[in-house]
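To start, the structure under review is shown below, and the notes come after it.
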Protein chains: 4
Amino acid sequence: MTEPPSARRGRPRSEAARRKVLEAARELLAERGLAGLTMEGIAARARVGKPTIYRQWPNAQAVAMDAFLEAEDGAPHVSGHAPALSALRRQLHGIAAVFSSPAGRSTAAMIAAAQNDSELAKVFRNRFILRGRETGRALLRQAMSEGAVRPDADLEVALDLIYAPLFFRLLIGHGPLDRGFTDALLDMALVGVRAER
Amino acid sequence: MTEPPSARRGRPRSEAARRKVLEAARELLAERGLAGLTMEGIAARARVGKPTIYRQWPNAQAVAMDAFLEAEDGAPHVSGHAPALSALRRQLHGIAAVFSSPAGRSTAAMIAAAQNDSELAKVFRNRFILRGRETGRALLRQAMSEGAVRPDADLEVALDLIYAPLFFRLLIGHGPLDRGFTDALLDMALVGVRAER
Amino acid sequence: MTEPPSARRGRPRSEAARRKVLEAARELLAERGLAGLTMEGIAARARVGKPTIYRQWPNAQAVAMDAFLEAEDGAPHVSGHAPALSALRRQLHGIAAVFSSPAGRSTAAMIAAAQNDSELAKVFRNRFILRGRETGRALLRQAMSEGAVRPDADLEVALDLIYAPLFFRLLIGHGPLDRGFTDALLDMALVGVRAER
Amino acid sequence: MTEPPSARRGRPRSEAARRKVLEAARELLAERGLAGLTMEGIAARARVGKPTIYRQWPNAQAVAMDAFLEAEDGAPHVSGHAPALSALRRQLHGIAAVFSSPAGRSTAAMIAAAQNDSELAKVFRNRFILRGRETGRALLRQAMSEGAVRPDADLEVALDLIYAPLFFRLLIGHGPLDRGFTDALLDMALVGVRAER
DNA sequence: CGGTAAACGAGACGGTACGTCGTGTCTTTGA
DNA sequence: TCAAAGACACGACGTACCGTCTCGTTTACCG
């Protein structure tokens with residue numbers, strides 16, 4: 001049983017409050033960025049007391065992370081019955097598009113936030129990165145069974161090879177994050193850099 | 001002439017103060033991390049007035065960036081007359097080693113700091129990332145002329161393919177950053193993921 | 001009604017904090033004088049946050065004024081059933097004694113502070129000067145009814161004639177502020193400077 | 001001998017700088033009051049280096065005092081061959097007029113400044129108060145010889161009786177400082193408060 | 001008349017205090 | 001009995017001045 005023995009007494013926690021907080025956090029993140037996000041600001045915007053927020057999140061970045069992940073969960077995921085490599089390419093195009101949009105800044109901000117807080121890092125890794133890698137891993141495995149990927153390839157390394165450059169350009173901003181780059185990246189990951197023998 | 005005609009007037013800035021500030025920043029960064037780095041802390045540790053710091057840097061993260069880059073400039077660089085691919089492998093091993101050490105946390109912290117400050121991002125990109133890429137680009141070019149790399153390879157994409165996964169693992173921490181990974185990564189980047197025809 | 005319908009919400013202001021602040025201010029005033037009184041010093045001594053002080057007072061001099069006035073309110077006041085002129089003389093002796101003691105420096109400091117801040121000036125005038133004048137005015141009125149003071153005398157002018165020289169000597173320090181001066185002053189105020197006809 | 005044997009060597013102090021500083025101080029005093037007067041502000045306004053000011057004055061209030069006294073010395077003094085009491089009355093009218101003008105605020109500010117600095121107090125007393133009292137004392141002495149003032153009157157007390165109320169009203173602001181008050185004050189000081197026998 | 005010592009302007013220095021903001025905790029009233 | 005409001009102790013922020021210290025540049029005197 002998860003129910004407390006005496007039912008729960010007093011005023012129950014407001015689900016509405018949780019929603020208001022996350023909504024306010026999303027707005028403030030969009031308006032002022034992660035650095036401009038404060039507990040006071042969230043409380044004021046959400047018309048909620050600060051202790052109500054502290055009861056559920058330890059700090060403003062944790063609220064931001066929740067808001068980010070909740071928005072992310074609602075995003076559409078690739079699926080279908082196309083050849084795996086086509087699906088993979090489409091997925092990469094999607095990621096590049098998101099990373100080039102304002103949402104990309106949020107992703108970068110979350111990665112940045114995770115550098116100072118191991119708990120946040122764990123949550124971000126599990127609910128954002130690993131979830132995405134699972135999709136990618138499934139696609140690669142399917143491509144392998146279709147004979148399009150070498151059967152001895154180490155998928156974990158392959159996943160880094162394919163996805164990391166997108167994150168790298170997002171975070172460093174040293175080059176474009178467009179279709180051209182994405183295609184060139186995938187092609188090169190497939191055939192390798194080495195000269196033909 | 002863009003030179004001011006009468007040179008600069010007034011008491012010149014103290015090089016000693018600059019050194020004390022950066023030294024203090026380095027110590028505090030090592031002790032407490034970027035989040036625990038404050039202008040007041042730096043000033044107190046360096047025995048320097050706060051305005052002296054603000055005269056040269058706009059905020060604590062900018063001090064940290066300067067301290068980081070100055071330390072980085074002193075680091076040894078790869079060189080030698082070995083075959084280019086061997087040199088590249090050695091360089092990647094070195095990067096992986098640094099990223100696995102406490103210095104790696106600093107690098108991650110700088111990338112995080114750059115996400116909130118475009119000026120910082122520019123400095124970091126130019127003085128850290130691009131400098132490293134230049135080395136890598138030279139190696140790849142040499143490998144190309146040695147016939148070890150396909151002559152039509154897009155070096156910019158190849159650089160991302162090879163370096164990005166190291167940064168990705170540093171920032172996300174989803175897998176090891178050891179010799180095994182580095183070797184597997186370079187090998188896969190060279191031969192590609194695609195199944196043999 | 002100008003009353004808010006739901007009284008005031010939130011945590012009420014702490015009376016303990018107010019007391020601690022005024023007590024600390026009094027100590028620091030005694031130790032270092034008005035010029036050495038700072039908001040930071042008060043906050044540290046009172047173990048109170050600076051915003052707690054700023055919530056109630058706009059600056060250190062306002063705190064000092066409150067501390068001064070609160071101490072003053074506790075001081076004994078002249079009273080009794082003696083002839084009014086005797087009571088007046090006793091009151092003047094008391095003032096001269098206070099002005100010659102360290103408390104006199106505080107009074108002078110408050111007058112000085114009031115010169116730069118009209119709000120402070122108003123409070124000081126109403127709660128210190130006018131209160132004292134009321135006592136004096138009552139005494140003079142009583143003396144008038146006793147036939148000891150001319151019935152057509154302008155009491156406001158008479159009050160200045162009698163009290164101002166004490167303040168003047170306090171502030172300028174050009175002469176003693178003792179019983180001899182006080183008596184001579186009152187006598188001369190009573191009989192006037194003019195030669196007999 | 002305390003005199004240096006070879007007179008003073010090097011570049012002599014600039015009289016122009018002294019004038020510029022005092023002029024700037026006067027302007028800033030008029031614009032922003034004593035509280036808003038800073039060494040930096042004076043230096044900037046006078047186009048003079050800060051050390052040039054510190055070489056001649058210990059702090060901003062000392063500059064202000066010098067500026068005030070220098071302006072005061074230039075003011076016209078009462079004189080003439082009228083009956084002493086008429087001259088005295090005219091002098092009091094003049095003081096009341098000055099005290100009611102912006103220049104009065106400066107006088108009040110100087111008295112305030114003198115409360116925190118005994119050196120300043122001494123200078124102000126000697127060069128402003130005592131000088132004025134000398135004039136008053138001379139007038140009273142003359143009135144005495146004319147038979148208009150009692151020959152046994154203590155002039156020091158009489159001076160306080162007559163002048164102090166003007167300063168008092170200047171500093172406290174509890175009543176008007178006009179001709180009416182001045183006349184009533186002098187009349188009452190002459191005939192006294194006491195009822196006729 | 002050429003050195004030289006001191007004052008000059010400018011402005012950076014190590015500091016202190018300012019007044020504000022945000023933190024995370026607490027204590028009220030109101031629902 | 002929990003939520004909102006908001007005060008609390010704390011501490012960092014970035015700024016303004018303080019009074020002192022170099023700088024390179026005049027400027028008058030003295031040898």
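Lettering follows sequence order; numbering is per chain, from 1.
- DNA chain F is contacted by C:Lys20 of residues 20-44 of chain C, taking any non-hydrogen atom closer than 4.0 Å.
- Counting only distance, with no hydrogens or angles, the side chain of C:Gln115 and the backbone of C:Ile111 share a donor-acceptor pair below 3.5 Å.
- When rounded to the nearest whole Å, the span between CH2 of A:Trp57 and P of E:dG22 equals 20 Å.
- For E:dA12, neither phosphate oxygen OP1 nor OP2 lies less than 4.0 angstrom from any side-chain nitrogen or oxygen of B:Thr52.
- A sub-4.0 Å separation between OP1 or OP2 of F:dA7 and a side-chain N or O of C:Ser14 is absent.
- Rounded to whole Å, the distance from CD1 on C:Ile53 to P on E:dT20 is 13 Å.
- Computed from coordinates, the B:Arg13 CZ to E:dG11 C1' distance equals 10 Å when rounded to whole Å.
- Checking E:dC13, E:dT23, F:dA9 against every side-chain atom of B:Gln56, the shortest atom distance belongs to E:dC13.
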Provide a list of protein-nucleic acid N or O atom pairs under 3.5 angstrom, restricted to nucleotides 21-23 of chain F.
unit_1: F:dC21; atom_1: O2; unit_2: B:Arg11; atom_2: NH1; d: 2.8

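- Residue C:Arg55 has a polar side-chain atom (N or O) positioned under 4.0 Å from OP1 or OP2 of F:dC8.
- When all heavy atoms of C:Leu22 and C:Ala67 are compared, the pair lying nearest together is CD2-N, 3.7 Å.
- The distance from atom CD of D:Gln61 to atom P of F:dG19 is 10 Å, rounded to the nearest whole Å.
- Atoms OH (B:Tyr54) and C1' (F:dC17) sit 17 Å apart, rounded to a whole Å.
- Pairs engaging residues 27-49 of chain D under the side-chain hydrogen bond (donor to acceptor under 3.5 Å, both in side chains) rule: D:Glu27-D:Arg45, D:Glu31-D:Arg45, D:Glu40-D:Lys50 [sequence neighbours left out].
- Within the 4.0 angstrom heavy-atom criterion, only backbone atoms of the sugar-phosphate kind lie near C:Arg47; the bases stay farther away.
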| task | Check the pair C:Arg18 / C:Glu70 against salt bridge (charged side-chain N to carboxylate O under 4.0 Å, His left out), numbers first and verdict last. | result | CA-CA 12 Å; C:Arg18 177 174 211 278; C:Glu70 197 167 80; 3.2 Å; yes

